[in-house]
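Beneath this line is the structure, given in structure tokens, with notes to follow.
A, B, ... follow the sequence lines: proteins, then strands. Residue 1 opens every chain.
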Amino acid sequence: GGQVRGASQPPSAPATQPGASASTSAAPAAVNDKAFVYAPNLDVVTDWDPATSYSNENIAMQNIYESLTRYNAASQKPEPRLATEWSSADGGKEWTFKLREGVKFHSGNPVTAEAAKKAIERTMKLKSGAAYIWDAVKKIEAPDGGTLKFTLKYATPLDLVASSGYASYIYDTSVVEKVKDGTTDAGSGPYTIDTWAKGKETELTLKAFDDYWGGWKPGQYKKVAFRVTPELTTAWQLLKNGEVNFVQRLNPQLFAQAGSTPGVQATRTPSFQNLMLLFNTESGPLKDVKVRQALQKVLDYDGLAAALEGAGVKGSGLVPQGLLGFTPGLEPKQDLKEAAELLAAADYGPDLNELKLSLTYAQGDADQQLMVTLLSSQLKKLNVTLQAKPMQWNAQWDLGKKKGQDIFVMYWFPDYADPYSWFVNVFRSADPVSFNLSYLKDEAIDKAIDALPQLTATDRAAAEQSYADLQKKIIEEKAAVAVPYVQTYQRALTAGVQGYVDNPAYPNVVSFYDLTLAG
Amino acid sequence: MTVVEPRRRLPRMPDRLAAFGAVLLVLIVASALFAPWLAPYEENDPRPLDKLLEPSSSHWFGTDHVGRDILTQILYGGRTSLAIAAAVLAVSALVGVTLGVVAGYAGGWIRDVIMRITDIFLAFPALLLSLALAVVLQPSVTTVILAIAVTWWPWYARLSASVAASVSTRSYVDAARCLGVPAPVIVWRHVLPNSITPVLVQLSLDAGGVILTAAALSYLGLGAHEPTAEWGLMVQQGQALFTTNWWVVTFPGLAILVTAFAFNVLGEGLRSALDPRRTVIR
Amino acid sequence: MILRADGVTLGYGGRPVVHDVTLDITEGGVGLIGESGSGKTTLARAFLGLLRPMSGTITFNGKDLRTAGMKAFRKAVQPVFQAESLDPRMSVARSIAEGSRDRAAVPALMEQVGLDPALAARRPHQLSGGQRQRVVIARALAVRPELLILDEPTSALDVTVQARILELLEGLDAERLLITHNLAVVERLCRTSHVLFAGRVVESGPTGELLRRPAHPYTLALRDAVPRLGGQPPVARGRTEAAPASEGCPFRLRCPLAVPECESAPEPREVAGRKVACHRAELVLSA
Amino acid sequence: MIRVRDLRVAYGDRVVAEVPELDVGRGECVAIVGESGSGKSTTLLALLGLTEGARVSGEVSVCGVDVMKARPRALRAVRGAKAALVIQSPQAALSPTTRLGVLMRRALRLHGVTGGPSLTGGAGSTGGPGTMGKGARGIDAVMAQACEAVLLDPAILRRYPHEISGGQAQRFAIAMAIALGAEVILADEPTSALDVTVQAEVVGVLRGLREERGLAVLLVSHDLALVSTIADRVLVMKDGVVVESGPARHVLRDPDHPYTRELLEALP
Amino acid sequence: MIGYLTRRLGQALLVVAGVVTLTFVIMRLVPGDPAVAYAGPKATPEQLAAASRQFGLDQPLHVQLWNYVRDLVTGDWGTSLRTRQPVREDLFTAFPASLELVGAALILAIVVGIPVGVLAARHKARLPDLGVRLGSMLAVSVPVFWLALTLQTVFASHLGWFPVAGEYDASLDTTSPLTLWTNITIVDALITGNWPIFTSTLDHLVLPALVVAAYPAGVIAQMTRAALIEESGQEHVRLERALGFGETTILTRFALRPALNPVLSLIALVFAYSLVNGFLVEAVFNWPGLGRYAFNAITSADTPGIAGVTLLVAVVYVLVNLVVDLLQGVIDPRVRTR
Ligand SMILES: Nc1ncnc2c1ncn2[C@@H]1O[C@H](COP(=O)(O)OP(=O)(O)OP(=O)(O)O)[C@@H](O)[C@H]1O
Ligand SMILES: Nc1ncnc2c1ncn2[C@@H]1O[C@H](COP(=O)(O)OP(=O)(O)OP(=O)(O)O)[C@@H](O)[C@H]1O
Ligand SMILES: [Mg+2]
Ligand SMILES: [Mg+2]
Ligand code: NI
């Protein structure tokens, strides 16, 4: 017999067209029976397990599962979610979280400290995806139903860790083994899975969880659909037609158009993701720090920002604004004269030797391509030939691990809102090479990096200072990296949607629960 | 007395399509060759402040997202695209015709082996093979050439094998064998020259297809890459701007269309002149 | 005698089309006649070493073609094929010199076959059918063959041209195996003849005798079907559309004289100075 | 049956056939002989208006229809129905994917031959659904009779062209002429692709039809010997011009023109 | 006939075996560790090792090839590194969607291409012929992505005549859920009488099918024209003229059928070709088909995914060619006896 596609409801129950006229026909403030349609550019879900999930599916999972805390980008601090309050002791090596009362998993089981303990322990045991965030945890205890106590091996800002976009979920371990096929979930969030059809255009639909602890108000969306739309122009046209409500990333031109299109609202938020040009400090022509410094000064940062038209903004240092350790005054500047002098000092230049540099960057990334275009045309004038190779990530990384290029271009963003991620992964020496693709090896720097977590957990001001010092050292003194821009999210929504806030700590995630349809 | 003239219900069209295609093509090739003299601006000269200017008297085709003159880029890009087409066709014809002619002349198990290999490559989805190869070899113009040639040669092998097989049954081949001419000489002197015409026609029909495929590969980011100017790449970069800045994608798209069209017209014209039947798809 | 087929079976792709043929090429010209598709060309190709026998042997001066050094044989036996056997891209001179690689001899050869040496630079399509056939002959003669195998050398030509080519052939001093539909031509050029039917030699003997008093019903039918100038209209004997029988006498389904005995294959036997494969040869002779 | 005066056929500027006079009467057999390219086929095709792209002038009437002036419709009615063509290569002359019977039936329908006594000669070849059954049966009978007239087994109608022999194909072409009630058969080298034994048979059929049914035959051939055995009158062409014409006996016994003489002498 | 079929089947198997080997070789050639693709961009060394073990990448090459073949034969086409679903299931969703699109496009191409080819042949060297030739050459020369974008912007976005993207209106899944039999939406909608989904799918199909059809329609028209012109140069056409048939009748009733065989081979080729090459169109029109799947697999170095698509397309190619061989026998009796 044939199987039936879609329809968790009986076919007799009529439903109105989702989103079809979300922007125009304002529904009365009564019930919002429209579905909110999100247009991702890739398949949504590849892994339904909240412990191991480490990909796009967090767009949906952040609405299905909840963690103890959530990062608030405005206050730059974690705020309550499943935990209502928390405190640390023993120089950041002991953390106690108080859990919210009366919260239920979608399975009907209550969210207790014991359940949370089991969930985190399972995540740690599976050691997959972003499970490393819990590496510092030595022991978890649940002294009573509402208290969760962590003992750590070393000091760490666990409130930040608990707000991570991945692997921080508290889930119902008694049903989690059944979530693989996407028919059920083990979460406690406002939404639960309605249908999932891998490979279909409308891949996933969510429906409201009626017993959500936050309760439901009229105007909130009780249905959410994910409609996979790989092409930007298609997504834009669907949005204009009101067929989708949210497009996660627009290019500058479409963004500009979105601003002036009736029925569409546009938002722009700087992200926590920045582009890095990692210079090979260990071998090749860039071993010479003067050449690296010259490179830092060659790139036309302002021209690039102008060309990006808001898709990226010039940052300051390694840490994007909105995170601890953001240090103003480290903005890069183009200075061709100085660059030429530095190069000449290293015997390169228009009248001296030709310099040949190889660069690898991500295939298919228009913004990186733009950067490469500008960089190579600038370098050409200085008798520097840039051989830029677009590569797929794993090929690029493979080559990088073998130290096969002079400049490695990549994005970096933290898994939880803590700048430590950049330093420990990218600039702390490691053998074999993993992500420290500038191959920087400096004991003093390593030591300073290792001290960061404890400072963050205990003395934020000291941590801030340490971050500032480290950035100056790495960028100015060692010239191991250039940071051309921090990405900006340029998103568009249908006009009737209210309550949208972009949280850069959770890239591309829309908190559907916070949205209402104007009426 | 009655004179019956040939019936003339519809006006007869002079069949000058081949000539038309040839002229068009000469113009295209010339414009690519003389790009440095024809181009109004310097190649690959981004001026971010002049980006996305509409077509005007100073930028006939407008400027792209980094402020390069699109006309200039198209003229230079023609060099890449045409060079790719020429190289792909040369490589695949060389491989395909060699194998095909040998298979066609030798017959028997040699033919079987060669044809089975050809079949395998034909059954392998061409674009996937190209894509896979492009991934293996890293994107570059050479990669594009190899990647497309790998999927292209079987057509020539097949075509020339069938033609060579029929040529090999001609009695002048038998006569040459009876005169004691060695097999390689027979292939070179008789079989090859007499099987080449349909291949040549097919080559000109295919050139357009190669340009389109190369464009598609670049479009996917697997072919030519910055700062090489190439039409497919230009389309790829401009594609997301289609609704806001139509000229960025339209002009390179038209360049591809016109060139592919010119090759097709030439090939089709040649074919109707020489051989009405054969068509092989790209 | 230089070339001899002994119990040769020939075929394409494992399917035999010529069965168990034994045949000598003797002096004075040998003719091969038979209807279209009876295997004449196939046999000729085998004699030229272009086709390997499925069974049986072909010997050249007593040596098996498969084992004997091909070099000596190669140039000794040359074909003159049905009309279009010139490479359309090669000039007359190149074609003629292809085997001998001796350009200097070309003008003499051309004159020998009655071609104006001024035509040397032309290509086949610039020549008439008769001229082309002469080039083909010259090319064969260039390597001084001992035997010419002529497969319908004139059938594509107009009668007037045909007559001149035949004259030329008569004057050559090489031995010849002539394949043709045209009985009058065989009569003129060949001392002995073999009649082929469905891949089998059904009758062989001196040409004149054979055509005057056929001993095989097929030879008879063939002779009577040939129209003669001002003569009686040609006569059709038997049902021509019947395919050759696969067992027994191959001609029996078309044979007006067939008897049940014909269902067993007739062995070739000597009758009235020639070899016939027919149970009813005596009856045919007396008709 | 056929009356030709001052026919001139030219491709471009080149005149490829010029026939001042050619008549074929009922039951007569006239032959055109000559070398390859002398314009024999062209002459024949011009009689049916089938010379594509040629300039034709003169007077041509076939079975009472003026071919030069007739509208395409009237011309198509003459073709097949009155004057039937039999061409050289037997199998190639039949569409490879059409069964012989289907071809014949289509041709019969086209010319309104239904076989039913009340319906013969009517222009309404398509007929209503009611007449179809009867008509179809009538057509079957006509087709069978035609086959028998040329010594063909009617079962052959179910075959495809590649399943029959050359002689059968030629006889089938003649059978079509009979079925369509043609009065003239125009035969362009009808036997040159056949074996002599088969050729004899086809010639026999043609002769029979002439004698029994009074069909007129216009025969094109380069085989003088063959022509001499069946033609009443002969036209000899050379380079597009008729060099000699007259009764067969006279032309072939003591020709007036040197070219005819040369032809005869060349016979082996 | 039976002998011929088994021979052809044997050849087909050989080809498929060749494709499998070639695929395996290419999979191993792709640089970068497939385990990296699976474990994600920030994987730790332990995670990489685990992924390697899971995919058997730590085994020697010949063992890998053997395992690969064994798995294929037992129906295990591996797990996609990208979607983390069994490749076979992925293909089971993607392939029918492509089949629907390519099928519709080919029907369109045939319905347009053949009559247009006949028209051109009928009026050879005259205005309609010139028009058809130029038109068909334009159709084969136009870059599909450009055509797709233009049609979408003009007919869907500006004029609103057709939907912008998608296979059918997803809301219909709740109002009139579709029972799946073949997994091809339009076919299932038709056989279960689900008219809302049927009409919606049809509506959504128009633009993408038009784009995919452009190239096939062009070549089919060219081929039909060429084959017909050649066929009408055959002797039999002269006989048919002499029998009094009109030109159009001759072309359509006598010449078209024998001329159809090369057209049919062409259609088979175009079919296999379009399955994957439609990926750009699929991307623009949100069509969740095989081309897009293949493209994603390639760009994310999803070797099992690539291998799966390759194998599927090869099998389809081989099958379609078999079917065409049989069809050619039906159309042209000469082929049967060959
Ligand atoms: N290359 C080939 N492959 C398969 N069959 C062949 C081949 N050449 C000839 N035949 C078949 O072999 C048989 C004999 O052919 P052959 O050419 O020897 O006849 P032939 O007596 O020379 O006829 P013709 O008088 O028409 O030249 C025919 O049935 C023919 O179909
Ligand atoms: N369609 C055409 N266009 C141009 N010239 C043609 C055309 N058809 C025939 N001819 C020319 O007209 C001349 C006479 O041709 P035709 O076919 O009538 O000769 P034929 O006597 O029938 O020769 P054959 O015995 O070879 O059949 C030839 O020189 C030929 O090249
Ligand atoms: Mg022969
Ligand atoms: Mg003729
Ligand atoms: Ni007998």
- Task: To the nearest 0.5 Å, tell me how far E/Arg253 CZ sits from D/Arg106 CZ.
- Result: 4.0 Å
- Item | Spacing of OG1 belonging to D/Thr97 relative to CD belonging to E/Glu231, to within rounding of 0.5 Å | 7.5 Å
- Note on the structure: Interface check, chain E: of D/Ala182, D/Ala173, D/Ala83, D/Ala107, most non-hydrogen pairs under 4.5 Å belong to D/Ala107
- Query: Which distance, rounded to the nearest 0.5 Å, do you find between the CZ of E/Arg241 and the CZ of D/Arg76?
  - Reply: 11.5 Å
- Message: Working to the nearest 0.5 angstrom, can you tell me the gap between D/Leu103 CG and E/Phe245 CZ?
- Response: 6.0 Å
- Counting heavy-atom pairs under 4.5 Å with chain E, the top scorer among D/Thr98, D/Leu75, D/Leu186, D/Leu48 is D/Thr98
- What one should report as the nearest heavy-atom pair of E/Asp332 and D/Pro96 is OD1-O, 4.4 Å
- Just how far is it from atom CG of D/Leu110 to atom CG of E/Leu243, taken to the nearest 0.5 Å? 8.5 Å
- With only heavy atoms counted, which part of D/Ala92 is less than 4.5 Å from chain E, the side chain, the backbone, both or neither? both
- Message: I need the minimum non-hydrogen distance between E/Arg238 and D/Leu50, along with the two atoms involved.
- Response: O-CD1, 4.3 Å
- Task: Mind ranking D/Gly80, D/Ala84, D/Ala81, D/Ser95 by heavy-atom pairs under 4.5 Å with chain E and telling me who comes out on top?
- Result: D/Ser95
